[in-house]
Amino acid sequence: MRRIAAALFVSLIATAALAGCGSSSASTSSPNASVTATGSYGKAPTEKIPAKKAGANLYVKTEVQGGGTPLAGADAFLGNYVVYIWSGATHKLALSTYTATPQVLSGHLLPGLQTALDGKKMGSRVLAVLPPKYGYGTAGNSQVGVTGTDTLVFVVDMIKTYAGTASASGTKVSDGGGSLPTVTAKANTAPTVKIPTSTPPSKLVVKTLIKGSGAPVAKGQEVVTQYVGLNWRTRTVFDSSWTRGAPFGFQIGATPAQIISGWDTGLLGVPVGSRVMLVIPPKDGYGSSGQATAGIKGTDTLVFVVDVLDARTGAAG
């Protein structure tokens, strides 16, 4: 359910690579310190990368100092970014979010990027130059076109942070129940879901459990969620953002789709701050092929309890 672009942020090498990395800034004589990013926060930056081979040290510079909440630990945050791949004396743009919507970044980032962003305040723009040992190491990442000798250059605008315990903030209206699963939970904790022994519904069901007071989710927005997912047949949890310790974000209604169709359809129009139960038949889930890695058969109905924490449109939301 996660976009391929996330591979640019999720580390494929041990986080122990951070040990002994020393200063987060390269020498001022290093080519890495010659990289610049100009422009206003919230707008696509203009970067200058020297036409020479990158240095070996991590370089971090806060281009714009924000005044918001500092990024702590593995908290998720909403941000815009550009990333360049610096190979030898040339470089190319790999990805930019400024032409679409900001994205939620969560979990373990690339080691150098984690170092660069930890403790930075929301509203900041951070420049980070990551030589291979602070990125994907000598293995590189063929999925995103990064070799084992490439340096990555990031510029990240940090918009809003979300704690791993963030949950729906609206007014409770239902626990579900009857022919539907029953949901119980305390604030800021993962909900517990009890699935009945009855046959699941054959059509998509969207049940509001907590009604938020925010704007309704609209197509094309980046939606920030907490969720727990269960298999109706086995009555067991197969996935949960709560256990990963960070909320999950995606663009709703994207082409190609970033999530299963039951989410794309079921969460449209849901007010921010809400908690909803989605009962998703196979055709709106993983189809007849199922999802073997999660123990989901092609005939399985899925149950998700989703907290809609936020929904953002545009460069700075």
Any donor-acceptor pair under 3.5 Å from [X] side chain to [Y] backbone:
X	Y	answer
Ser174	Gly176	yes
Trp86	Lys52	yes
Gln258	Gln251	yes
Ser274	Val276	no
Ser240	Trp242	yes
Thr265	Ser261	yes
Ser241	Tyr227	yes
Glu63	Val126	no
Thr161	Ala72	no

Quick one: closest heavy-atom pair of [X] and [Y], and the distance?
X	Y	result
Val144	Ile85	O-CD1, 3.8 Å
Pro281	Pro201	CB-O, 4.5 Å
Asp150	Gly145	OD2-O, 3.9 Å
Ile159	Pro102	CD1-CB, 3.7 Å
Thr197	Arg235	CA-NH2, 3.0 Å
Pro271	Gly212	CB-O, 3.5 Å

Which residue pairs pass the salt bridge (charged side-chain N to carboxylate O under 4.0 Å, His left out) test with at least one member in [range], sequence neighbours excluded?
range	answer
residues 153-171	Arg125-Asp157, Lys160-Asp310
residues 137-146	none
residues 180-209	none
residues 258-284	Arg275-Asp307

Check: Gln103/Tyr81 side-chain N/O donor and acceptor closer than 3.5 Å: yes
Check: [Y] and [X] side chains under 4.5 Å, non-hydrogen atoms:
X	Y	value
Thr199	Trp232	no
Leu204	Val279	no
Leu268	Lys219	yes
Lys43	Ser40	yes
Arg312	Leu78	yes
Leu127	Val60	no
Leu113	Leu130	yes
Pro131	Asn57	no

What is the distance from atom [atom1] of [X] to atom [atom2] of [Y], rounded to the nearest 0.5 Å?
X	Y	atom1	atom2	answer
Leu309	Ser167	CG	OG	7.5 Å
Arg244	Gln226	CZ	CD	9.0 Å
Arg233	Ile296	CZ	CD1	9.0 Å

Audit row: Lys121, Met158, side-chain contact (heavy atoms from CB on, under 4.5 Å) steps and yes/no: CA-CA 7 Å; Lys121 294 181 178 181; Met158 306 174 73; over 6 Å; no
Stepwise side-chain contact (heavy atoms from CB on, under 4.5 Å) check, Leu71 with Lys120: CA-CA 6 Å; Leu71 182 66; Lys120 298 297 191 299; 5.5 Å; no
List for me each residue that meets side chain to side chain contact (heavy atoms under 4.5 Å, CB included) alongside [X], sequence neighbours excluded, and say none if there are none.
X	result
Lys211	Val173, Thr208
Ser213	none
Val183	Pro191, Val193, Leu209, Met277, Val305
Val82	Pro45, Glu47, Tyr84, Leu93, Ser96, Tyr98, Val155

Go through the structure and list residues passing side-chain hydrogen bond (donor to acceptor under 3.5 Å, both in side chains) with [X], not counting sequence neighbours.
X	answer
Thr236	Thr234
Lys297	none
Thr149	Thr147
Thr225	none

Aromatic centroids of Phe238 and Phe304 separated by under 6.0 Å: yes
Ring centers of Phe77, Tyr162 separated by less than 6.0 Å: no
Count I, L, V, M, F, W, Y as connected when their side-chain heavy atoms are under 4.5 Å apart, and connections chain through other members. Are [X] and [Y] then in the same cluster?
X	Y	result
Val306	Tyr286	yes
Val223	Ile259	yes
Val205	Ile210	no
Val146	Leu105	yes
Val308	Ile280	yes

Worked verdict on Leu230 versus Leu302 for side-chain contact (heavy atoms from CB on, under 4.5 Å): CA-CA 6 Å; Leu230 298 91; Leu302 308 179; over 6 Å; no
Residue among Asp239, Thr301, Asp300 satisfying side-chain hydrogen bond (donor to acceptor under 3.5 Å, both in side chains) with Asn231: Asp300
Stepwise side-chain contact (heavy atoms from CB on, under 4.5 Å) check, Ile252 with Trp263: CA-CA 8 Å; Ile252 193 166; Trp263 275 50; over 6 Å; no
